[in-house]
Colleague: 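Sharing a structure here in structure tokens format.
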Amino acid sequence: MSKQAHWYSLIRDQDQSGLTITGYCTSKGIKPCTFHYWRRRYRQGQHTSAGFVELKAPAPAPHPIRLSYPNGVNIDLPAVDISLIAQLLRLG
């Protein structure tokens, strides 16, 4: 078993044990700072994805929305991103 696999196993064991990190480390004779180091590496590895993720574009809105400001500026937007439209309305 590699060093990384050993530590990842300990991290999963601690998570399932119901013990605090300090209590788990004390029971196993592990330095908490070392455990935290490997736990951080474990979590970073969980969030890293190798490869591509499929993104689907939203379906186009049937009618664009036109924002007309008092100064004569007009902005035509697809009615997809309501939060963007709300931000632009607050600017007016």
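None of the values given here were measured: they were computed from a predicted structure. Atoms considered below: every heavy atom in the structure, side chains included; atoms not considered: hydrogens, waters and symmetry mates.
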Colleague: With sequence neighbours left out, write down each residue that passes side-chain hydrogen bond (donor to acceptor under 3.5 Å, both in side chains) with Arg41, or none if nothing qualifies.
Modeller: Tyr37
Colleague: Who passes side-chain contact (heavy atoms from CB on, under 4.5 Å) against Ile21, sequence neighbours left out?
Modeller: Gln14, Cys25, Phe35, His36, Arg39
Colleague: With sequence neighbours left out, which residue pairs that include part of residues 3-12 fulfil the side chain to side chain donor-acceptor pair (under 3.5 Å) condition?
Modeller: Gln4-Tyr8
Colleague: Less than 4.5 Å apart, any side-chain heavy atom of Ile11 and any of Arg43?
Modeller: no
Colleague: Test of understanding: with side-chain hydrogen bond (donor to acceptor under 3.5 Å, both in side chains), list the residues that count as partners of Asp15, not counting sequence neighbours.
Modeller: none
Colleague: Could you work out, with side-chain contact (heavy atoms from CB on, under 4.5 Å) as the rule, every residue matching Thr26, not counting sequence neighbours?
Modeller: Thr22
Colleague: Could I get the full list of side-chain hydrogen bond (donor to acceptor under 3.5 Å, both in side chains) partners for Ser68, not counting sequence neighbours?
Modeller: Asn74
